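Report on the following structure.
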Amino acid sequence: MPSMAQGEHKSFVQNSKPNPKSAFSMRQKIAEHRRSLPIASVEKRLIEEVHKNDILIIVGETGSGKTTQLPQFLYNAGFCREGKMIGITQPRRIAAVTVAKRVAEECEVELGQKVGYSIRFDDTTTSSTRLKYMTDGLLLREALLDPYLSRYSVIIVDEAHDRSVHTDVLLALLKKIQRARSKPVGEKTEFGNVASQVQTQTRDANGPQQNGVLKGCQGRKLSPLKLIIMSASLDARVFSEYFGGAKAVHVQGRQFPVDILYTVHPESDYVDAALVTIFQIHFEEKPGDILVFLTGQDEIESVERLVQERLQNIPEDKRKLLPLAIFSALPSEQQMKVFSPAPTGFRKVILATNIAETSITIPGIRYVIDPGFVKARSYDPSKGMESLDVVPASKAQTLQRSGRAGREGPGKSFRLYPEREFEKLEDSTKPEIKRCNLSNIILQLKALGIDDIVGFDFIDKPSRGAIIKALAELHSLGALADDGKLENPAGYQMSRLPLEPVYSKALILANQFNCLEEMLITVAVLSVESIFYDPREKREEARTSRNHFASVEGDHLTYLNVYRESDEFLEKRKAAGSGNNIDKIMKKWCKENYVNSRSLKHARDIYRQIREHVEQIGFNVSSCGNDMLGFRRCLAASFFLKAAQRQLDGTYRALESGEVVHIHPTSVLFRAKPECVIFNELMQTSKKYIKNLTRIDSLWLSELAPHHFKTAE
Ligand code: CDP
Ligand code: MG
């Protein structure tokens with residue numbers, strides 16, 4: 001049990017939560033809420049600044065109303081005249097979704113009308129949408145179709161402090177677009193001639209941009225583009241300098257004092273420590289909801305379950321604790337639950353990823369529990385290895401986390417580590433562009449006609465090594481020619497699919513190998529966090545009851561079995577007339593088979609969407625039936641960059657990087673230890689583990705990827 005500074009011992013008092021009210025009073029409540037936000041008092045000034053400045057930086061504390069209010073202010077000030085849109089980008093999907101829903105509610109419109117969101121695999125916008133919330137990655141993709149983003153009058157890059165790789169690239173691109181849109185017709189821009197700018201909605205998916213101009217657009221001048229950069233970090237210098245001394249406006253926040261509490265000793269198991277602290281707060285502290293920062297879906301679901309279990313063992317009158325999860329892969333209808341007030345007398349405990357640091361503000365939080373960790377990408381260009389690891393959060397993140405407890409009144413933040421550990425944390429997180437594989441982003445820049453990647457005006461330049469590695473990878477995958485140019489149809493197809501290039505390539509190859517159906521399922525399942533439900537305390541039981549899915553050939557084929565069996569089960573039940581109850585029946589099936597029902601549902605959605613994309617490219621989705629040899633050969637042809645060979649001592653050597661790796665215990669090949677495998681994921685904990693494996697024949701590598709393996713030893 002973590003020893004905390006003792007909290008006050010008080011009996012519980014009832015939380016005064018409003019009853020459901022009439023539409024009229026709801027409207028009044030929303031209007032009141034909007035008026036009370038710190039940003040409301042500076043509406044006029046902000047609009048004036050936007051009129052005066054083409055680039056404006058707005059800095060304001062989390063919860064001050066930037067994301068929900070500013071787009072509405074701009075709309076009211078006439079920035080959506082003549083059908084123009086305001087685009088608001090978020091680094092995280094879930095923020096785009098929840099904020100759009102909230103703003104639609106505030107505007108009293110159906111989602112997809114005036115207000116909508118668009119994220120990868122989920123687009124709710126229509127031709128009536130004027131305020132469009134989306135991910136930064138999605139706007140980058142839009143630029144492939146409309147290089148001048150001509151439908152937008154204002155673009156707001158939100159959460160810029162997050163410095164996601166897409167945000168960084170978007171800022172650079174918007175700088176170019178803005179310059180191009182302010183030039184008179186006929187003048188040369190970085191993208192070519194301005195007269196041909198309102199083109200390209202019709203660009204062919206399999207080829208480069210056509211130089212034709214849409215009828216009626218000749219000679220029409222594009223309106224200038226306003227650019228707003230919003231950040232929760234007080235330091236706006238980096239953005240201001242990047243945009244040539246752009247003006248920064250600070251919105252005064254409202255923050256109550258937050259007591260910071262540290263554990264006396266380090267915690268060896270922060271999940272357990274978090275659990276103990278949740279109940280300690282529940283029993284000892286005044287009313288107020290709890291926000292716990294965890295690192296991912298697995299961890300969140302495990303704590304959610306443990307809280308439920310523990311609740312069963314305490315007196316009934318103390319059970320009024322309501323655990324709620326929020327993470328990106330959570331189905332959209334469940335994401336909104338965290339925003340509703342807890343039932344009278346209940347305390348919510350929200351289990352969130354770092355999404356709740358700044359991207360979304362959840363009302364009612366008085367207590368924060370911060371284990372001090374975050375899941376972050378890291379990349380070693382010399383080895384070409386990207387991994388997703390749990391690492392200590394930065395000081396800036398930790399401060400943001402604590403701040404969440406003081407939004408509506410004084411709060412407390414329980415840090416699950418000793419104070420001396422805080423001092424050791426990095427000040428801020430390194431921009432993602434410096435710690436990720438760049439192949440996806442470089443392919444997109446190439447598709448936008450930007451060839452000089454090393455000379456590109458990044459806000460923080462990625463290392464030369466990382467750029468060269470990504471170019472080499474794209475060349476190996478056949479996307480770029482020897483001279484680094486994007487000119488073949490496969491390269492354009494890859495740039496169009498909303499996937500990492502290696503997965504897009506896998507789909508293109510699968511089309512040739514006649515196993516596109518199988519590869520679509522595989523890619524969809526690999527896109528979710530974990531298709532299996534693996535409670536820590538029931539690992540063996542879970543494994544046994546999943547035995548019938550297991551394939552001796554590896555994890556990909558096992559996932560295929562899970563997906564297909566669930567499909568068959570679903571079809572049978574539908575045929576038997578259980579159509580209405582299908583969600584419940586599926587959940588039961590998942591529970592019995594230790595399959596994660598949320599992940600399976602998500603994977604189905606993703607499958608459907610990628611299928612649409614490949615059909616648009618003109619592929620015919622065919623299945624190889626039971627020819628698993630053909631499918632494995634296709635996996636080898638697709639993922640040859642991630643092949644590993646068993647060594648004499650039983651460890652594996654990753655062929656591309658030369659690193660020693662181990663098969664992760666969750667893989668179905670953990671015990672079989674085949675001679676040669678391909679893998680999709682590398683994970684660093686106590687050792688370097690490879691996950692998602694398929695057994696292959698090592699001879700296939702030189703046969704199927706001769707261009708890559710011909711020079712190997
Ligand atoms: O962007 P910023 O952090 O400045 O604030 P915001 O996201 O615009 O949120 C402003 C207020 O709206 C917060 O006080 C939230 O509590 C509230 N909000 C909400 O109640 N439900 C949502 N889905 C989103 C925001
Ligand atoms: Mg915001």
Side-chain angles (χ1 to χ4, degrees), residues 91-94 96-97 118-123 135-138 141 164-166 296-298 300-301 327-332 335 353 355 375 377 386-388 436-437 439-441 443-444 494-510 515-533 554-564 566-567 590 595-615 617 619 621 631 634-635 638-639 642 664 666-667 678-683 690-694:
R92 298 188 176 85
R93 300 156 50 87
I94 190 173
V97 175
S118 183
I119 60 176
R120 187 172 75 142
F121 307 135
D122 189 6
D123 180 7
T135 50
D136 42 17
L138 196 110
R141 291 200 167 269
S164 81
V165 62
H166 287 133
Q297 180 179 351
D298 269 1
I300 287 176
E301 288 179 341
F327 50 85
S328 261
L330 197 66
S332 169
Q335 290 173 354
T353 56
I355 165 86
K375 206 180 260 179
R377 277 210 251 189
E386 189 175 48
S387 60
L388 202 55
C436 74
N437 177 341
S439 58
N440 191 14
I441 218 70
L443 183 60
Q444 285 196 46
M494 285 164 73
S495 73
R496 280 313 174 77
L497 290 168
L499 295 166
E500 286 291 322
V502 63
Y503 292 116
S504 305
K505 181 63 190 282
L507 295 175
I508 293 171
L509 283 172
C515 53
L516 185 51
E517 165 76 10
E518 284 71 22
M519 194 61 89
L520 282 169
I521 295 175
T522 305
V523 169
V525 174
L526 291 176
S527 304
V528 302
E529 190 168 307
S530 166
I531 195 81
F532 290 139
Y533 163 57
D555 301 310
H556 299 91
L557 273 62
T558 303
Y559 299 151
L560 213 50
N561 290 339
V562 174
Y563 197 94
R564 281 180 170 164
S566 73
D567 247 0
C590 285
V595 167
N596 187 318
S597 62
R598 282 172 183 162
S599 299
L600 181 63
K601 197 161 179 240
H602 194 206
R604 276 180 194 289
D605 273 355
I606 296 178
Y607 167 86
R608 197 172 29 80
Q609 305 244 9
I610 322 176
R611 188 180 170 124
E612 265 170 37
H613 278 281
V614 296
E615 283 173 345
I617 293 183
F619 290 178
V621 179
F631 181 54
C634 184
L635 288 170
S638 309
F639 305 124
K642 289 187 172 167
H664 195 268
T666 56
S667 169
I678 50 94
F679 62 94
N680 284 118
E681 201 186 319
L682 180 80
M683 198 177 102
I690 50 177
K691 283 174 90 169
N692 302 329
L693 318 176
T694 284

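The figures here come from the full heavy-atom set of this structure, side chains too, leaving out hydrogens, waters and symmetry mates. Small disclaimer: the values here were computed from a predicted structure and weren't measured.
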Any side-chain heavy-atom pair of [X] and [Y] under 4.5 Å:
{"X": "Arg92", "Y": "Thr135", "result": "no"}
{"X": "Asn692", "Y": "Tyr559", "result": "yes"}
{"X": "Ile617", "Y": "His613", "result": "no"}
{"X": "Leu507", "Y": "Leu520", "result": "yes"}
{"X": "Leu560", "Y": "Thr522", "result": "yes"}
{"X": "Leu516", "Y": "Phe619", "result": "yes"}
{"X": "Ser638", "Y": "Lys505", "result": "no"}
{"X": "His556", "Y": "Leu693", "result": "no"}

Heavy-atom pair of closest approach, residues [X] and [Y]:
{"X": "Asp122", "Y": "Gln609", "result": "N-NE2, 3.6 Å"}
{"X": "Val525", "Y": "Ile531", "result": "CG1-CB, 3.9 Å"}
{"X": "Ser387", "Y": "Leu682", "result": "CB-O, 3.2 Å"}
{"X": "Glu518", "Y": "Arg564", "result": "OE2-NH2, 2.5 Å"}
{"X": "Val528", "Y": "Ala603", "result": "CG1-N, 3.7 Å"}
{"X": "Cys634", "Y": "Ala506", "result": "SG-O, 4.4 Å"}

Identify, with sequence neighbours excluded, every residue that meets side chain to side chain contact (heavy atoms under 4.5 Å, CB included) alongside Ser597. Lys587, Cys590
Arg377: which residues meet the side chain to side chain contact (heavy atoms under 4.5 Å, CB included) condition with it, sequence neighbours left out? Glu386, Leu388, Glu432, Arg435, Cys436
Using the salt bridge (charged side-chain N to carboxylate O under 4.0 Å, His left out) rule, take Arg611 and Glu517 through it: C-alpha gap first, then chi angles, then the decisive distance, then the call. CA-CA 9 Å; Arg611 188 180 170 124; Glu517 165 76 10; 3.3 Å; yes
Would you mind checking if [Y] and [X] are paired as a salt bridge, meaning a charged N to carboxylate O distance below 4.0 Å?
{"X": "Arg604", "Y": "Asp567", "answer": "yes"}
{"X": "Lys375", "Y": "Glu529", "answer": "yes"}
{"X": "Arg598", "Y": "Glu301", "answer": "yes"}

Set out, in order, the CA-CA distance, both residues' side-chain angles and the distance that settles side-chain contact (heavy atoms from CB on, under 4.5 Å) for Ser164 and Asp136, then state yes or no. CA-CA 9 Å; Ser164 81; Asp136 42 17; 2.7 Å; yes
Using 0.5 Å steps for rounding, measure from the [atom1] atom of [X] to the [atom2] atom of [Y].
{"X": "Arg93", "Y": "Leu330", "atom1": "CZ", "atom2": "CG", "answer": "11.5 Å"}
{"X": "Tyr533", "Y": "Leu600", "atom1": "OH", "atom2": "CG", "answer": "15.0 Å"}
{"X": "Leu635", "Y": "Lys642", "atom1": "CG", "atom2": "NZ", "answer": "13.5 Å"}
{"X": "Asp555", "Y": "Leu526", "atom1": "CG", "atom2": "CG", "answer": "9.5 Å"}
{"X": "Ser504", "Y": "Leu443", "atom1": "OG", "atom2": "CG", "answer": "8.0 Å"}
{"X": "Leu138", "Y": "Arg141", "atom1": "CG", "atom2": "CZ", "answer": "8.5 Å"}

Sequence-distant partners of Phe327, ring pair (Phe, Tyr, Trp, His ring centres under 6.0 Å), two or more places apart: none
Verdict with reasoning, Gln297 to Asn596, per side-chain contact (heavy atoms from CB on, under 4.5 Å): CA-CA 11 Å; Gln297 180 179 351; Asn596 187 318; 3.4 Å; yes
Would you confirm whether Arg120, through its side chain, and Pro498, through its main-chain N or O, come within 3.5 Å as a donor-acceptor pair? yes
I would like to know whether Tyr503 and Ile610 meet side-chain contact (heavy atoms from CB on, under 4.5 Å); could you show each step before the answer? CA-CA 11 Å; Tyr503 292 116; Ile610 322 176; over 6 Å; no
No-hydrogen, no-angle side-chain donor-acceptor test under 3.5 Å, Ser530 and Asp298: no
Go through the steps for Asn680 and Lys691 under the test side-chain contact (heavy atoms from CB on, under 4.5 Å), then give the verdict. CA-CA 6 Å; Asn680 284 118; Lys691 283 174 90 169; over 6 Å; no
Please state whether the rings of Tyr563 and Tyr607 are parallel, tilted or perpendicular, taking 30° and 60° as the class boundaries. tilted
